[in-house]
Amino acid sequence: MTLETKKSVFVELGNFLSQFSEKESIKKTDVLYNDIFFDDFENLIHLSQSHNGWYTPEQVYFAINSWAEALTEENITKWISKYHFDANPKEKTVALILAGNIPLVGFHDFLSVLITGNKALIKTSSNDQHLLPFLAKYLITVDENLKDKITFVEGKLENFDAVIATGSNNTARYFEYYFKDKPSIIRKNRNSVAILNGKESKEDLEALGEDIFRYFGLGCRNVSKLFVPKGYVFDGFFEAMFKYQDVIHYEKYANNYDYNKAVFLMSNFKLLDNGFLTIKEDSSYASPISSVFYEFYENIEDLQSRLKADSEQIQCIVSNNLFENSIIFGQTQKPQLWDYADNVDTITFLLTTK
């Protein structure tokens, strides 16, 4: 398959995904193989919550829409234009060990392996076993040459040349030992933070709520920690968060809210609480579901130095240009194809690994 052929296949997948919306899915006449896949995919979206209680239709539709927006000819061309694909020394089989915290979280690795002309040997998370195999089946139908490039396995991974694995800090240690003789990208726990200076508009803070509550806060790109100036008053923050109050009506989230709030209170921690979100002063980056930690800062330059020193613990930094290359409010869960997890260039890894 030529690079242009592979690109066109994924553009076609983007066209397919663009039909699905939480408001109304509209079947387009110019999308390939809709007669085979459209109804089944719509059904799968609504079945996803029975496979994983956190995968509500709203969250799955959001993930699908994000990939539909990413998989355009313009975006894919911009993404791959800086690489020399003829430098790939040989076709490799790349083992992918995927996470399942948010829908299709491993799709970028899957896409990267195939676009570089390699084979994907995929072990899905038990929490996300259906969406990616369905999309793989669609891709193979569009171009049957991909059939020999995509393999899903349930048992032990064998006969591969490199590995990309995503997991917790504990599983990462296992991965590092188990795959020590293979070229690898091993991803650990990371969290995202927001830096506020008190000058944010209500619209900014409402957009920050998207960064906090999307996927119920389960993603590494979700903001779990706020840095605020000394003396910051949280009234405006809580007023903006009110837009997301319906999250408490979701049982799994509500159970986490009740449990984590009780644990904090029994430990005599001082909390700020609005009935569906607690915020707690804490130096840690990782907060539990339904809670966000915060920390005061006195000097933005000192904070910038600290965050640079802690970069291996941080996935995204959100601010109004208070930090170099920070993300604007509301955009953490809409990464571009060239926004690599942990800032590790997956394409370069796949093209240069022998």
Verdict with supporting geometry, Thr346 and Ser112, side-chain hydrogen bond (donor to acceptor under 3.5 Å, both in side chains): CA-CA 7 Å; Thr346 316; Ser112 298; 4.9 Å; no
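No hydrogens or angles considered: a donor-acceptor pair under 3.5 Å links the side chains of Gln333 and Asn222. Side chains of Asp345 and Tyr83: a donor on one and an acceptor on the other come within 3.5 Å. One side chain, Thr2 or Thr5, offers a donor N or O that lies under 3.5 Å from an acceptor on the other.
Nearest heavy-atom pair, Gln331 versus Asp211, reported as atom, atom and distance to 0.1 Å: N-OD1, 3.2 Å.
Residues meeting the salt bridge (Lys or Arg N to Asp or Glu O under 4.0 Å) test with Lys137, sequence neighbours left out: none. Every residue meeting the salt bridge (Lys or Arg N to Asp or Glu O under 4.0 Å) condition with Glu4, not counting sequence neighbours, appears here in chain and number order: Lys7.
Between Tyr174 and Tyr178, the distance separating the two ring centers is shorter than 6.0 angstrom. For Phe276 and Tyr257, the gap between ring centers reaches or exceeds 6.0 Å. Aromatic pair Phe38/Phe20: ring centres closer than 6.0 Å. Two rings, from Phe62 and Tyr215, have their centers less than 6.0 Å apart. Centroid-to-centroid, the aromatic rings of Phe227 and Phe296 stay 6.0 Å apart or farther.
The hydrophobic clustering, which links ILVMFWY residues whose side-chain heavy atoms are closer than 4.5 Å, places Phe269 and Phe234 apart.
Salt bridge Lys280/Asp282: present, at least one basic N to carboxylate O contact under 4.0 Å. Taking a cutoff of 4.0 Å between a charged side-chain nitrogen and a carboxylate oxygen, Asp310 and Arg306 qualify as a salt bridge. With respect to the salt-bridge test (charged N to carboxylate O, under 4.0 angstrom), the residues Arg187 and Asp109 qualify.
Annotation: cation-pi geometry not satisfied between Lys225 and Phe293 (NZ/CZ under 6.0 angstrom from ring centroid, within 45° of ring axis).
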